[in-house]
Amino acid sequence: MKLGILISALLSSSFVAANPIFRRAKSETSASVSVSATSSASLNYTQTATIHDPASTTDGVWSVTQGRFGAVFKPKVMIINMFTKEETLWIKNLDLMFNISVPMLSPEYPYVHSNGNFSVMSVTTGEGEINAATTISALAMSPLFDFTETYFLISGIAGGSPDMVTIGSVTYAKYAVQVGLAYEVDSREIPSDWKYGFVNFNTDENNEYPLTIYGSEIFELNESLMRRAMHVASNVTLNNGTAGNVAIREKYNSTAPAFDSPKLVACDTATSDVYWTGNLMAQAMGDFVSTISNGTAKYCSTQQEDNATLEAMLRAAKHGILDFNRIVVTRSISDFDSPPPSLNATSFFFDTYQGGSSAAVQNLYIAGLPFVKDILHNWETLYRENQFMPKNYIGDYFETLGGVRNFGLSTE
Ligand SMILES: *[C@@H]1O[C@H](CO)[C@@H](O)[C@H](O)[C@H]1NC(C)=O
Ligand SMILES: *[C@@H]1O[C@H](CO)[C@@H](O)[C@H](O)[C@H]1NC(C)=O
Ligand SMILES: *[C@@H]1O[C@H](CO)[C@@H](O)[C@H](O)[C@H]1NC(C)=O
Ligand SMILES: *[C@@H]1O[C@H](CO)[C@@H](O)[C@H](O)[C@H]1NC(C)=O
Ligand SMILES: *[C@@H]1O[C@H](CO)[C@@H](O)[C@H](O)[C@H]1NC(C)=O
Ligand SMILES: *[C@@H]1O[C@H](CO)[C@@H](O)[C@H](O)[C@H]1NC(C)=O
Ligand SMILES: *[C@@H]1O[C@H](CO)[C@@H](O)[C@H](O)[C@H]1NC(C)=O
Ligand SMILES: *[C@@H]1O[C@H](CO)[C@@H](O)[C@H](O)[C@H]1NC(C)=O
Ligand SMILES: *[C@@H]1O[C@H](CO)[C@@H](O)[C@H](O)[C@H]1NC(C)=O
Ligand SMILES: *[C@H]1O[C@H](CO)[C@@H](O)[C@H](O)[C@H]1NC(C)=O
């Protein structure tokens with residue numbers, strides 16, 4: 001009740017304060033407005049926004065860089081899950097007991113969950129690229145939140161490549177690649193010299209660099225921050241999985257990481273709404289990831305959301321709504337994306353129970369918790385001002401956030 005009153009009070013004050021910005025005379029070069037909000041719940045900070053004069057830009061477009069006028073919440077950490085199994089441990093163990101209703105989140109997952117002092121929150125997107133992009137866009141645009149200093153931990157389970165990971169492994173991505181953006185011919189109708197039915201946009205053979213780009217094909221993330229997240233988790237004891245998981249691992253070559261116990265692994269992730277399985281699909285998708293990144297990225301996890309989530313975050317980052325430097329993608333492995341030598345793709349996928357999601361969700365939490373604690377404990381010294389600034393390029397194919405990408409075709 002108290003909170004409800006507080007929110008409506010702050011929202012109306014932010015509306016009033018925000019209005020003058022849009023009435024600034026054209027001749028002024030820039031304007032900024034500060035709104036400070038104070039409440040009994042220790043929310044006390046100031047936001048500024050700047051509207052840039054069209055005369056100082058070449059295209060005459062009014063562009064607005066904004067934080068959040070009168071936002072009610074300014075979380076330090078936002079955990080992003082995709083479905084119930086992934087959110088449960090976070091919500092229960094971190095006591096994220098306040099449900100905050102946010103318009104346009106998934107009907108299945110309508111709330112942001114918060115701890116008592118609003119420093120740690122989680123949101124669940126729903127599965128698949130459309131749910132992820134819509135939920136994160138809605139969240140980024142919600143007037144309730146100021147995400148300008150928030151760290152985002154994408155925390156989900158995924159398929160895994162037997163040559164890099166095993167059931168229960170926790171992976172940390174530098175690159176996220178959307179592999180579904182391609183032409184596809186059913187492989188029963190392909191020429192005899194093709195390896196699979198996928199052909200990149202505006203090309204006519206397997207695995208050439210796509211000549212048409214949609215923009216969400218590849219994202220590069222802050223490697224310094226990813227290394228920190230891995231470092232603080234380096235002493236955790238991961239759940240080894242069930243006897244059934246061990247038996248599945250033993251079907252793989254004894255020299256393959258699939259055979260081994262789970263570890264933390266730095267390796268890239270591939271996004272596709274299509275949940276593929278089998279060696280040929282793994283080869284086709286692996287080729288795309290390699291080609292689009294000019295040989296830099298190699299996927300080890302397969303999932304259905306991350307590039308969609310990152311696309312929404314990138315657009316928000318472009319306008320100062322959140323900081324693209326403060327994103328870590330962790331994916332733990334619940335199943336293999338290609339079969340062991342003794343089984344074919346369909347008999348492995350449909351007839352063999354892999355059963356790794358329990359170990360995978362536990363390990364997401366086990367490995368993610370030290371990073372969340374690190375952010376809270378070292379907020380003033382390391383995180384408020386990000387001390388893990390990237391040394392690598394970050395952003396998308398279009399260089400939306402500036403900098404020069406190390407993949408893609410050269411720009412004229
Ligand atoms: C809020 O910030 C103002 C300005 O810095 C300060 O004077 C005030 O004491 C703060 N209030 C609380 C509750 O921290
Ligand atoms: C709050 O969200 C949690 C997690 O999704 C859910 O289990 C719980 O039922 C919700 N509480 C209310 C009052 O809706
Ligand atoms: C907020 O809660 C978290 C744990 O839920 C705790 O670590 C942190 O110290 C609290 N912060 C403040 C300012 O009370
Ligand atoms: C891991 O454990 C070792 C040995 O106890 C310790 O020296 C090291 O600081 C720990 N690392 C982290 C990140 O906690
Ligand atoms: C942990 O998993 C590895 C790999 O499957 C297996 O070799 C090992 O025996 C397991 N350890 C225990 C204690 O179950
Ligand atoms: C296992 O992998 C090694 C090294 O990659 C390879 O030489 C060997 O032939 C493989 N064994 C089987 C049974 O596939
Ligand atoms: C896959 O293996 C199963 C079990 O051995 C067999 O019944 C099935 O025909 C095989 N499918 C293909 C496409 O080879
Ligand atoms: C990566 O994040 C760190 C810490 O936030 C930041 O200092 C660094 O500038 C970021 N890197 C890039 C390329 O933005
Ligand atoms: C990436 O590879 C393509 C061809 O596959 C090449 O045309 C392009 O110059 C390369 N980009 C960079 C940044 O090396
Ligand atoms: C998808 O996102 C991942 C990071 O999770 C990034 O490495 C990859 O390049 C992205 N791919 C596409 C196609 O957007």
Side-chain angles (χ1 to χ4, degrees), residues 160 162-170 172 175 177 182 199-213 217-220 224-266 286-298 328 332-336 340 352-356 358-360 362-363 366-378 382 387-388 392-399 403-412:
D163 61 342
M164 296 175 79
V165 291
T166 194
I167 290 173
S169 297
V170 180
Y172 294 77
Y175 290 95
V177 174
V199 173
N200 296 335
F201 286 152
N202 209 0
T203 66
D204 59 8
E205 292 178 47
N206 288 158
N207 202 29
E208 295 196 318
Y209 204 96
L211 295 176
T212 296
I213 293 286
E217 287 84 355
I218 176 159
F219 294 101
E220 186 166 344
S224 312
L225 189 63
M226 169 200 126
R227 294 283 166 192
R228 176 70 180 189
M230 283 186 83
H231 168 73
V232 295
S234 54
N235 286 344
V236 299
T237 304
L238 294 178
N239 185 300
N240 202 39
T242 61
N245 300 154
V246 172
I248 296 275
R249 290 179 191 136
E250 284 173 356
K251 291 182 187 294
Y252 287 87
N253 191 329
S254 64
T255 63
F259 191 90
D260 222 339
S261 48
K263 298 189 172 53
L264 307 183
V265 187
D287 281 356
F288 184 88
V289 170
S290 173
T291 297
I292 195 80
S293 66
N294 286 60
T296 314
K298 185 170 184 333
V328 171
S332 64
I333 305 306
S334 54
D335 57 306
F336 292 111
T352 309
Y353 178 66
Q354 296 196 54
S358 171
Q362 287 182 56
N363 288 343
I366 291 170
L369 185 62
F371 182 53
V372 171
K373 285 187 169 168
D374 191 47
I375 294 170
L376 296 179
H377 291 172
N378 297 310
L382 298 178
Q387 299 301 309
F388 305 99
N392 56 304
Y393 169 77
I394 64 161
D396 64 350
Y397 190 97
F398 295 141
E399 299 172 345
V404 178
R405 56 178 158 71
N406 55 346
F407 47 78
L409 302 174
S410 54
T411 47
E412 247 98 299

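Counting starts at 1 for both ligands and their atoms, in listed order. Nothing fancy with the numbering, it's 1 onward along the sequence.
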Which bit of Asp260 gets closer than 4.0 Å to ligand 5, counting heavy atoms only: side chain, backbone, both or neither?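 Backbone only.
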Is it the case that ligand 5 has an N or O less than 3.5 angstrom from some N or O of Ser261?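 No, Ser261 has no N/O under 3.5 Å of an N/O on ligand 5.
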May I ask you to check if ligand 5 and Asn240 share an N or O to N or O distance below 3.5 Å?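 Between Asn240 and ligand 5, an N or O pair is found under 3.5 Å apart.
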Any cation-pi pair here, Arg405 with Tyr397, using under 6.0 Å and within 45°?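 Yes; both conditions hold, so Arg405 lies above the ring face of Tyr397.
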Val246 neighbourhood, listing ligand 5 atoms whose heavy-atom distance to it stays under 4.0 Å: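 What qualifies from ligand 5 is 2 (O), 5 (O).
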Counting each atom of ligand 5 from 1 as listed, which ones have a heavy atom of Phe259 under 4.0 Å away?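 Taking each heavy atom of Phe259 in turn, ligand 5 has 4 (C), 5 (O) under 4.0 Å.
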Kindly determine whether Val404 and Glu399 satisfy side chain to side chain contact (heavy atoms under 4.5 Å, CB included), including the steps that lead there. CA-CA 7 Å; Val404 178; Glu399 299 172 345; 4.1 Å; yes
N or O pair under 3.5 Å between Leu409 and ligand 9: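 No, Leu409 has no N/O under 3.5 Å of an N/O on ligand 9.
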Between Asp374 and Arg228, is there a side-chain N and carboxylate O pair less than 4.0 Å apart?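 Salt bridge flag = yes for Arg228 with Asp374.
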So which pairs with a foot in residues 226-257 pass ring pair (Phe, Tyr, Trp, His ring centres under 6.0 Å), sequence neighbours left out?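 Of all non-adjacent pairs touching residues 226-257, those that pass ring pair (Phe, Tyr, Trp, His ring centres under 6.0 Å) are Tyr252-Phe336.
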Is the closest side-chain donor-acceptor distance between Thr296 and Asn294 under 3.5 Å?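 Result is no, nothing qualifies.
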For ligand 4, run through the N/O pairs with the protein that fall under 3.5 Å and put one pair on each line.
{"residue": "ligand 4", "atom": "2 (O)", "partner": "Asn235", "partner atom": "OD1", "Å": "3.4"}
{"residue": "ligand 4", "atom": "2 (O)", "partner": "Asn235", "partner atom": "ND2", "Å": "2.2"}
{"residue": "ligand 4", "atom": "11 (N)", "partner": "Asn235", "partner atom": "ND2", "Å": "3.0"}
{"residue": "ligand 4", "atom": "14 (O)", "partner": "Asn235", "partner atom": "ND2", "Å": "3.4"}

Any side-chain heavy atom of Tyr209 within less than 4.5 Å of one from Leu409?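 Touching, per the 4.5 Å side-chain cut-off.
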Does any part of the side chain of Val236, heavy atoms only, come nearer than 4.5 Å to the side chain of Leu238, both counted from C-beta?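 With C-beta onward as the side chain, the pair touches.
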Quickly, which of Pro162, Ser254, Pro262 forms a side-chain contact (heavy atoms from CB on, under 4.5 Å) with Arg249? Name it, please.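 It is Pro262, the one option of Pro162, Ser254, Pro262 that forms the side-chain contact (heavy atoms from CB on, under 4.5 Å) with Arg249.
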Heavy-atom closest contact (Ala258 atom, Thr166 atom, distance):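 Answer, listing the atom of Ala258 first, then Thr166: O-OG1, 2.6 Å.
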For Tyr209, atoms of ligand 9 separated by under 4.0 Å from a heavy atom: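 What qualifies from ligand 9 is 5 (O).
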